[in-house]
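Here the structure is a predicted model, which is why all the values come from computation and not from measurement. For ligands, and for the atoms within them, numbers begin at 1 and follow the listed sequence.
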Amino acid sequence: MKLVFITGNLGKFLEAQKLLREFGITLEQADLEITEPQSETLEEVAEKCAQEALKKIGERFIIEDSGLFVNSLNGFPGVYSSYVYRKIGCEGILKLLTGSADRSAYFMTALAYGEPGKDVKIFTGRVDGTIATEPRGKSGFGYDPLFIPFGSNLTFAEMSTEEKNKFSHRARALRKFASWFLSRHEEK
Ligand code: ITT
C-alpha cells in the first residue's frame, strides 16, 4: 500500500517511513507548498493544511503539525514551535528556562489523513518528558537535543530512529492512524 507524506522535513519523513513500513505501508515524500495557517491548536493547523493539500493533490496523503509544549512557559512554543526554532533555537528555550525548577514538557503531533472526496481524519500523539539542562546528541532534528522522554535518560537526539519511535508523539499518532487505515482497508 502506498501513501504520500506531505512535508518539507526529511527527519519527520524518515521516522514515519520506518514506522509505517512495519504496517506494510510504503511512504513517499512530497514537499508541496502549503501555507501553514495561524491557529490556536495543532489539530486546527493540520486540518486546514490537509484541506489546502486536497486542492493540490489527487491521491491520499498524510500531513502533520507538531510542537513542543513547555509547562512552565504555559505551553510555549506550542503552535509557534517552527517560528521559535528558527528565531531562537534550542539555546533560546534553554535560556527561557534558566532558574526554572519545573522543566517538564511534552511534544504533540496532530496528523491529518486526506483522501479526495472524503472527510479529513485527525489523529493525535503525545509524549511527556523533561527539558535537558544542555543540548545532547546529534541525531534527529529540531528540539530533539533538548527532550528526554519519561522512561529514558537519553534525549531524542541521542537515540536511533527506532528508539525515538518507541516513545515519540509522531510514532504514537502514526500507530493510531495505521491501525485505523488498515482496518478500514480490510472492511472493503
Ligand atoms: P513540515 O514541512 O512537516 O511542516 P516543519 O519542520 O515545519 O515541517 P512543524 O511545523 O510540524 O514541522 O514543526 C514545528 C517545529 O517543531 C519545527 O521547528 C520542528 O523542527 C520541531 N519539531 C517537530 N517535531 C519534532 C520532533 O519530533 N523532534 C524535535 N523537534 C520537532
Exercise. Of the protein's non-hydrogen atoms, which lies at the shortest distance from atom 25 (C) of ligand 1, and what is that distance?
Worked result: Phe141 CE1, 3.3 Å
Exercise. Is Glu52 salt-bridged to Lys56, going by a charged N under 4.0 Å from an acidic O?
Worked result: yes
Exercise. Who's the nearest protein heavy-atom neighbour of atom 2 (O) of ligand 1, and how far?
Worked result: Gly8 N, 2.9 Å
Seminar exercise, completed: In this structure, atom 20 (O) of ligand 1 is nearest to the protein heavy atom Gly142 CA, 3.4 Å
Exercise. How close does the nearest protein non-hydrogen atom get to atom 18 (O) of ligand 1, and which residue and atom is it?
Worked result: Tyr85 CB, 3.4 Å
Exercise. For residues Thr35 and Glu33, is any side-chain donor paired with an opposing acceptor at under 3.5 Å?
Worked result: no
Exercise. Does some non-hydrogen atom of Phe156 fall short of 4.0 Å from ligand 1?
Worked result: no
Problem set entry | Pairing of Arg175 and Glu22 as salt bridge, 4.0 angstrom limit | no
Seminar exercise, completed: Of Thr124, Leu182, Ile122, Ile62, the one forming a side chain to side chain contact (heavy atoms under 4.5 Å, CB included) with Phe177 is Ile62
Exercise. For atom 23 (C) of ligand 1, which protein heavy atom lies nearest, and how many Å away is it?
Worked result: Ser66 CB, 3.6 Å
For this session: Please state which part of Tyr143 comes within less than 4.0 Å of ligand 1, counting heavy atoms only: side chain, backbone, both or neither.
Result: both
Exercise. For residues Thr26 and Arg21, is any side-chain donor paired with an opposing acceptor at under 3.5 Å?
Worked result: no
Exercise. For atom 27 (O) of ligand 1, which of Lys164, Gln29, Lys12, Glu15 has the closest heavy atom?
Worked result: Lys164
Exercise. Which of the numbered atoms in ligand 1 are below 4.0 angstrom from a heavy atom of Asn9?
Worked result: 2 (O), 6 (O), 8 (O)
For this session: Please check if any side-chain donor atom of Thr7 sits under 3.5 Å from a side-chain acceptor atom of Asn9, or the reverse.
Result: no
Exercise. Please state which protein non-hydrogen atom is closest to atom 24 (N) of ligand 1 and give its distance, to 0.1 Å?
Worked result: Arg170 NH2, 2.9 Å
For this session: Determine, using ring centers only, whether Tyr85 and Tyr143 are less than 6.0 Å apart.
Result: yes
For this session: From the options Ile131, Val70, Ile88, select the one residue that forms a side chain to side chain contact (heavy atoms under 4.5 Å, CB included) with Leu96.
Result: Ile88
Exercise. What atoms in ligand 1 come closer than 4.0 Å to a heavy atom of Ser81?
Worked result: 14 (C), 15 (C), 16 (O), 18 (O)
For this session: Supply the atom-to-atom distance Lys48 NZ to Ser39 OG, rounded to the nearest 0.5 angstrom.
Result: 3.5 Å
Exercise. So between Asp144, Ile6, Thr7, whose heavy atom ends up nearest atom 28 (N) of ligand 1?
Worked result: Asp144
For this session: Start with the C-alpha gap between Phe147 and Phe107, add the side-chain angles, then the distance that decides, and say whether ring-ring contact (aromatic ring centres under 6.0 Å, His included) holds.
Result: CA-CA 9 Å; Phe147 189 79; Phe107 263 121; 4.9 Å; yes
Exercise. Taking everything shown except Phe150 itself, do over 12 heavy atoms lie less than 6.0 Å from its CZ?
Worked result: yes
Problem set entry | For Asp65, the ligand 1 atoms whose distance to one of its heavy atoms is below 4.0 Å | 9 (P), 10 (O), 11 (O)
Exercise. To which protein heavy atom is atom 4 (O) of ligand 1 closest, and what is the distance rounded to 0.1 Å?
Worked result: Glu36 OE2, 3.1 Å
Seminar exercise, completed: min-distance protein heavy atom vs atom 17 (C) of ligand 1 -> Ser82 CA, 3.9 Å
Problem set entry | Residue part near ligand 1, for Arg86, under 4.0 Å between non-hydrogen atoms | neither
For this session: Can you sort out which atoms of ligand 1 are near His169, meaning under 4.0 Å from one of its heavy atoms?
Result: 24 (N), 25 (C), 26 (C), 27 (O)
